[in-house]
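Some notes on the structure that comes next.
For the numbers below, each heavy atom of this structure counts, side chains included, while hydrogens, waters and symmetry mates do not. Just so you know, ligand 1 is whichever comes first in the structure, and atom 1 is the first atom listed for that ligand. Fair warning: this is a prediction, and the values are worked out from it, not measured in the lab.
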Amino acid sequence: MTAHTWRNWSGTVTAHPVRVLAPRDEGEVADAVRHAAETGSRIRVVGAGHSFTPAAATDGILLHLDHLDAVEHTGTPAPDGSRLVQVGAGIRLRALCRELAQRGLAMENMGDIDAQSLAGAISTGTHGTGARLGGLATQVRGLRVVTADGQVREVGPESPDGGASLFELARLGLGTAGVLTAVTLRCVPAFTLTATETPKRLDHVLESLDDLVAADHFEFYWFPHTELALTKTNTRGSSAPPLPPARRFLEDEVISNGLFEVTNRIATAAPSLTPHLNRLASRALSTRRYTATSHEVFVSPRRVRFTEMEYAIPAEAVVPALREIQQWLHRSGENVPFPIEVRFAAADQVWLSTAYGRPTAYVAVHQYHRLPHARYFRAVEAIMRGYDGRPHWGKLHRRRASDLATTYPRWADVQRVRAAVGPWLFGNEYTDHVLGRLDR
Ligand SMILES: Cc1cc2nc3c(=O)[nH]c(=O)nc-3n(C[C@H](O)[C@H](O)[C@H](O)COP(=O)(O)OP(=O)(O)OC[C@H]3O[C@@H](n4cnc5c(N)ncnc54)[C@H](O)[C@@H]3O)c2cc1C
């Protein structure tokens, strides 16, 4: 045991780093990396600790980059109004969105929370929804990375001398390329979204999926043991009044969090009530339509603790995959009070992106933190593997490098770059498992 104990947000991971450091600038990051290399210790950065997997865990040196959170440079506008913004890698997404808004800018797409650090979010392939848009790593145009020799390298997609390959692993590689100290993001002019949230029958959603997914951002939450789904369609532009603050508080805090915590506690104590509770939960959420800034619409408060597994599958497989999950839930009688979330993304070219090379549907299964999740997640994982599923790097799964290699066409390139940058120093048990352990 050491003096330090670190836990992730969901409580699924505990680690005991030998040292915890919070460097104040890039120079101190480089010193920490050199010190780790000299003393034979591994070194990991933790962002907001929001990965469900032990992605950030280490018994070596743990770095917090909270001091590296400044906007360093805002580029000139491109013809489409987008601008490149260089920012400290430790910045939290909430603070980043605030900084961008002050400059009339926004992130093109986001996931459903903004608590993550920018570097942590891109390193695990964090994504939102939108069939024409990629995950956060696709918004990255450049990086500053402290590599194993303590040098700072500035890399981008066109960098010479192996820099472009280093960029690919660094922008989505679980921190194995080095410590990211700054990120250059392509940001778009600030925009509003009109959100339309409507409960629908699952059959209806699945039958009209092609039309629904054509929206700028579409997702749905299916409540297990019921035929009901809550659909969320976000369209760019303003065409509805803002949500009155009292209604937002009632629906987002009281119903989606407060009441939801209560229904989950009841489901834990009395599993047979789960189908009734899910029906109640899905009906408590009524139709609503409102316009707000993109950031406000993308993000929702998530106060009920849960565990999660999420799989990326080819978009065309989503209906049969959901039907298989539905059949398994029916057969097994598993008690699942948490909805299943379904989102979409465009194909991209980021080597370790779960959407690499194929239009993608994301199927996320959640379980209340007081309920067992192992059997449920194992069953869904087996179904997802049948569709060549790729697990989210930051969410629970049981895959290993040996069976992930075949689903990532650029796996050999990943290993080549890892071998060149020194895979041991920046790794941990999790990266050894999922990317393969390479010797020092
Ligand atoms: C409530 C909740 C909601 C979520 N919603 C979504 C969602 O909508 N979409 C989605 O895709 N995911 C979602 N996630 C998952 C989450 O976005 C990812 O797990 C993300 O990695 C968490 O960011 P973090 O800052 O907490 O990173 P951490 O978990 O702290 O770290 C993640 C990885 O990044 C590495 N890392 C962090 N900083 C650096 C750095 N500076 N240099 C090098 N490596 C670094 C760490 O070592 C680790 O490997 C959600 C998670 C939770 C708990």
Side-chain angles (χ1 to χ4, degrees), residues 6-13 15 17 23 26 29 32-33 42-58 60-69 87-94 96 109-129 134-137 143-147 169-183 217 219 257 298-312 341 343 345 352-355 360 362 364 366 369 391-396 426-431 434-435:
W6 172 83
R7 273 191 197 85
N8 67 342
W9 176 88
S10 62
T12 43
V13 181
E26 202 167 55
V29 173
V33 169
R42 283 182 139 183
I43 184 165
R44 296 293 286 168
V45 186
V46 64
H50 272 52
S51 293
F52 297 88
T53 53
T58 186
I61 298 170
L62 191 67
L63 296 186
H64 289 275
L65 294 198
D66 295 341
H67 295 304
L68 275 65
D69 66 346
V87 60
I91 195 168
R92 303 295 165 106
L93 297 184
R94 185 173 309 143
L96 173 62
N109 199 4
M110 295 181 72
D112 56 18
I113 59 161
D114 58 7
Q116 307 98 318
S117 68
L118 177 57
I122 62 173
S123 295
T124 56
T126 295
H127 62 89
T129 192
L136 269 53
L143 293 167
R144 272 208 320 274
V145 192
V146 177
T147 50
L169 182 66
R171 71 165 152 166
L172 202 176
L174 292 164
T176 52
V179 178
L180 311 185
T181 51
V183 179
H217 309 270
E219 67 183 305
N257 282 290
F298 284 136
V299 168
S300 308
R302 292 269 184 276
R303 302 195 206 291
V304 181
R305 298 262 155 178
F306 58 89
T307 47
E308 180 175 351
M309 180 181 76
E310 182 173 50
Y311 258 86
E341 184 179 15
R343 295 184 276 187
L352 285 176
S353 165
T354 48
T360 291
Y362 288 99
H366 310 76
H369 70 118
H392 190 301
W393 298 106
K395 301 187 183 179
L396 297 184
F426 296 113
N428 65 2
E429 213 173 309
Y430 179 68
T431 60
V434 298
L435 297 179

Original post:
Backbone or side chain, does any N or O of H50 fall under 3.5 Å from an N or O of ligand 1?
Top reply: yes
Original post:
Is there a nitrogen or oxygen of R343 sitting under 3.5 Å from a nitrogen or oxygen of ligand 1?
Top reply: yes
**OP:** Consider every N or O of V45 and every N or O of ligand 1, then say whether any pair is closer than 3.5 Å.
**Re:** yes
**OP:** Assess R44 against W6: is NZ or CZ under 6.0 Å from the centre of the six-membered ring, and within 45 degrees of the ring's axis?
**Re:** no
Original post:
Taking heavy atoms and a distance under 4.0 Å, where does H392 meet ligand 1: side chain, backbone, both or neither?
Top reply: side chain
**OP:** Pick one of side chain, backbone, both or neither for how R92 approaches ligand 1, counting any non-hydrogen atom pair under 4.0 Å.
**Re:** neither
Original post:
Between A55 and ligand 1, is there a nitrogen or oxygen pair with a distance under 3.5 Å?
Top reply: yes
Original post:
Looking only at heavy atoms, is any part of T124 under 4.0 Å from ligand 1, and if so is it the side chain, the backbone, or both, or is it neither?
Top reply: side chain
Original post:
For ligand 1, which atoms have a heavy atom of L65 less than 4.0 angstrom away?
Top reply: 41 (N)
Original post:
Do Y362 and T129 have side-chain N/O donor and acceptor atoms under 3.5 Å apart?
Top reply: no
Subject >> Contact (N/O only, under 3.5 Å) between L180 and ligand 1 >> reply: yes
Original post:
Where does F306 meet ligand 1, judged by heavy-atom distances below 4.0 Å: at the side chain, the backbone, both, or neither?
Top reply: side chain
**OP:** For this output row, return yes or no: ring centroids of F298 and H217 closer than 6.0 angstrom.
**Re:** yes
Subject >> Top protein contact for atom 37 (C) of ligand 1, by heavy-atom distance >> reply: G120 CA, 3.5 Å
Original post:
In ligand 1, which numbered atoms sit nearer than 4.0 Å to a non-hydrogen atom of T126?
Top reply: 9 (N), 10 (C), 11 (O), 12 (N), 16 (C), 17 (O), 18 (C), 20 (C)
**OP:** Measure I113 to ligand 1 on non-hydrogen atoms and call it side chain, backbone, both or neither using the 4.0 Å cut-off.
**Re:** side chain
Original post:
Where is the tightest heavy-atom contact between A119 and L180, given as atom of each residue plus distance?
Top reply: CB-CD1, 4.1 Å
Original post:
Which heavy atom in W393 sits nearest to a heavy atom in L172, and how many Å separate them?
Top reply: CD1-CD2, 3.8 Å
Subject >> Atoms in ligand 1 with a heavy atom of W9 nearer than 4.0 Å >> reply: 1 (C), 53 (C)
Original post:
Do the ring planes of F306 and W9 sit parallel (below 30°), tilted (30 to 60°) or perpendicular (above 60°)?
Top reply: perpendicular
**OP:** Taking all heavy atoms of F426 and all of T176, pick out the closest pair and write down the distance.
**Re:** CB-O, 3.8 Å
Subject >> For S117, atoms of ligand 1 separated by under 4.0 Å from a heavy atom >> reply: 25 (O)
Original post:
Looking at T360 and T354, what are the two nearest heavy atoms and their distance?
Top reply: OG1-O, 4.0 Å
Subject >> Atom indices of ligand 1, in the order listed, that fall short of 4.0 Å to a heavy atom of Q116 >> reply: 16 (C), 17 (O), 22 (C), 23 (O), 25 (O)
Original post:
Numbering the atoms of ligand 1 from 1, which are under 4.0 Å from a heavy atom of G47?
Top reply: 25 (O), 28 (P), 30 (O), 37 (C)
Original post:
G178 near ligand 1, heavy-atom distance under 4.0 Å?
Top reply: yes
Subject >> Test of proximity, A89 against ligand 1: N or O pairs below 3.5 Å >> reply: no
**OP:** Run the numbers for me: atoms of ligand 1, each under 4.0 Å from some heavy atom of F52, listed by number.
**Re:** 51 (C), 52 (C), 53 (C)
Original post:
Which of the atoms in ligand 1, numbered in the order shown and given with their element, are less than 4.0 Å from a heavy-atom of L174?
Top reply: 49 (O)
Subject >> Minimal non-hydrogen separation, G173 against L435, with atom names >> reply: O-CD1, 4.3 Å
Original post:
Is the shortest distance from a heavy atom of S10 to ligand 1 less than 4.0 Å?
Top reply: no
Subject >> Heavy-atom closest contact (T307 atom, T12 atom, distance) >> reply: CG2-CG2, 3.4 Å
